[in-house]
Asks: 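My questions all concern the structure below.
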Amino acid sequence: MAMECVASARKAESIGKKFTIKGWVRTRRDSKGGFSFLEINDGSSFGNLQVIANNTLQNYQTDILKIGTGCSVVIEGVIKGSPAKGQETELVADSVQVVGWADPNTYTMQKKGHTFEYLRTQAHLRPRTNTFGAVARVRNQISKSIHDFFQEKGFLYINTPIITPSDCEGAGHMFRVTTLDFLNPKTIAKAEDDFFGKPVFLTVSGQLEGETYACALGKIYTFGPTFRAENSNTSRHLAEFWMVEPEVAFNDLIQNMDLAESFIKRIIRDALNQCGEDMQFFEERIEKGLIQNLELVLNKDFQRISYTEAVEILKNSGQTFEFEVAWGKDLQSEHERYLAEKHFNGPVILYDYPKEIKAFYMRLNDDGKTVRAMDVLVPRIGEIIGGSQREERLEILEARMQGAGLKPEDYWWYLDLRRFGGVPHAGFGLGLERCVQFITGMANIRDVIPYPRTPGSADF
Ligand code: ATP
Ligand code: MN
């Protein structure tokens, strides 16, 4: 049986059928002809369902004429073909029941055209706007595509811990998790007295634990919340975000790149096919040219160049950058965007980065200077994926850990993967929110996650 929702009621095949619609009123207009139009949305589609409420309905004067934006309603009626432009159907109401009123004097979502900055202060009500409804649906579709893509390829979905004693990225941007009362000066805070008897943190990546499962079961992916206490107040960084991390045993860096490229293309294709109305809205109201650019990405092979080649391109670009470009320095987002937007006009995969600027677990190249890292850069966003082939050689990995200031003893279990049945393996991390930004054209990462956490801000 088809679901009785606005999405299905708007389809021509529903004409003649009885429907019960439960949702929220977007607008009410009264016609001189003795009836009112109600625009109803229930989240199932971008477009609203137009409802015709005749003045013969018993609560027309008492209720219907008082309905305003934000009221919740249950409406029963029959779907008819609509004479109006831009919609195939409408619902002629047999009954309209108001479930919850919304006072027009105090309801903040009444007015159209609020700025995104203002809507962040109303994060509990912003999903009732066109934009945030569309973002939620596209985000949902992306999550579904992520699972579909990996499940269809036989990857196992693995849940890695959120509380962890290890610093995977070695960058030290971690949130400490503690039950010690550090506000009470009388307590001497000793790590041994803490809940786990040692310092623990919120995870910055599930990769290390993910590797243990890949090195037993072949192909796995994790998909969960990730936390970084980096004080970067940018439009592309959150303190809490969602990351997808596939890891594949026996894969090398090239296979890793192939996986990343087909993964991104699958997400784009699904969003364009499954979220047509929402994507059309983003195209018209958020980012002109969005759909064409996404189609371009779909139909193009991603460029692949080494970090060293990228540095040469940037140095010879004739551009003035805020941050200097020099071999050995990390690329800034302005550099990444120049490569993807101006130079290649499309996604580009950079590989073989200097070992100093990448994590300890990435495989050292024979030059002794670079590691088998790869970043996927896309227009408007810069880095969307970071990955690598992992170091599978025990001695080299131990030396790299020491170089990064980590104690190999602490990672004995991780090193065991190299001692027993070790294999080459590779994987990457995709930030879900950056992906949602890329697909929707939304400029600020705070607007593609329901409740953003950023430095100095954890409201709701
Ligand atoms: P950046 O240089 O942009 O800070 P990173 O090199 O720290 O990124 P990785 O450690 O490679 O990123 O993480 C993998 C992916 O996770 C990134 O490609 C990005 O999509 C996402 N990501 C990383 N940090 C954040 C963050 N603070 N907020 C949102 N997404 C993030
Ligand atoms: Mn970072």
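FYI, side chains are in, hydrogens and waters are out, and symmetry mates aren't considered; it's all heavy atoms of this structure. In each ligand, atom 1 is the first atom listed, and ligand 1 is the first ligand listed.
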Asks: Enumerate the atoms of ligand 1 whose separation from the nearest heavy atom of G386 is less than 4.0 angstrom.
Replies: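 Counting from 1, the qualifying ligand atoms are 11 (O), 18 (O).
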
Asks: Tell me the contacting part of I445 for ligand 1: side chain, backbone, both, or neither, using a 4.0 Å heavy-atom threshold, strictly below.
Replies: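 The answer is the side chain.
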
Asks: Which residue from Q332, E230, H237 reaches closest to atom 1 (P) of ligand 1 through any of its heavy atoms?
Replies: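 Looking at heavy atoms only, H237 sits closest to atom 1 (P) of ligand 1.
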
Asks: Under 4.0 Å from a heavy atom of I385: give me the atoms of ligand 1 that qualify, with their elements.
Replies: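 So the atoms of ligand 1 that pass are 18 (O).
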
Asks: For F302, give me all partners under ring pair (Phe, Tyr, Trp, His ring centres under 6.0 Å), at least two apart in sequence or on another chain.
Replies: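 Ring pair (Phe, Tyr, Trp, His ring centres under 6.0 Å) check on F302 returns nothing, list empty.
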
Asks: Atoms of ligand 1 less than 4.0 Å from R236 heavy atoms?
Replies: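 That gives atoms 28 (N), 29 (C) of ligand 1.
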
Asks: Can you tell if the side chain of E247 reaches within under 4.5 Å of the side chain of Y213, non-hydrogen atoms only?
Replies: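 SC-SC contact between E247 and Y213 ruled out.
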
Asks: Under 4.0 Å between a Lys/Arg side-chain N and an Asp/Glu carboxylate O for R372 and D352?
Replies: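 Salt bridge between R372 and D352, a charged N being under 4.0 Å from a carboxylate O: yes.
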
Asks: Might you point out which heavy atoms bring G47 and V6 nearest each other, and give the distance in Å?
Replies: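 Looks like O-CG1, 3.6 Å.
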
Asks: Looking only at distance, does L430 have an N or O less than 3.5 Å from an N or O of ligand 1?
Replies: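 So ligand 1 has no N or O lying under 3.5 Å from an N or O of L430.
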
Asks: Would you kindly specify which portion of V204 sits under 4.0 Å from ligand 1, judged on non-hydrogen atoms: side chain, backbone, both or neither?
Replies: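 V204 to ligand 1: no contact under 4.0 Å from either part.
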
Asks: Under 4.0 angstrom from ligand 1, any heavy atom of I381?
Replies: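 Per 4.0 Å heavy-atom rule, I381 does not contact ligand 1.
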
Asks: Below the 3.5 angstrom mark, is there an N/O of M243, backbone or side chain, next to an N/O of ligand 1?
Replies: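 No: no nitrogen or oxygen of M243 is under 3.5 Å from one in ligand 1.
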
Asks: Does ligand 1 have any atom that is closer than 4.0 Å to a heavy atom of R228?
Replies: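 Within the 4.0 Å threshold, so yes.
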
Asks: Nearest non-hydrogen atom to atom 8 (O) of ligand 1 belongs to which of E383, M374, Q437?
Replies: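 The residue whose heavy atom sits nearest atom 8 (O) of ligand 1 is E383.
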
Asks: Could you check whether K265 makes a cation-pi contact with F263, meaning its NZ or CZ is under 6.0 Å from the centre of the six-membered ring and within 45° of the ring axis?
Replies: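 No, K265 does not sit over the ring of F263.
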
Asks: Between K358 and D330, is there a side-chain N and carboxylate O pair less than 4.0 Å apart?
Replies: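 So K358 does not pair with D330 through a salt bridge.
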
Asks: Salt bridge or not for R304 and E309, using N-O below 4.0 Å?
Replies: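 Salt bridge: no.
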
Asks: Between R285 and T131, is there a donor-acceptor pair closer than 3.5 Å when you use the side chain of the first and the backbone of the second?
Replies: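 Pair absent, no side-chain N/O of R285 close to backbone of T131.
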
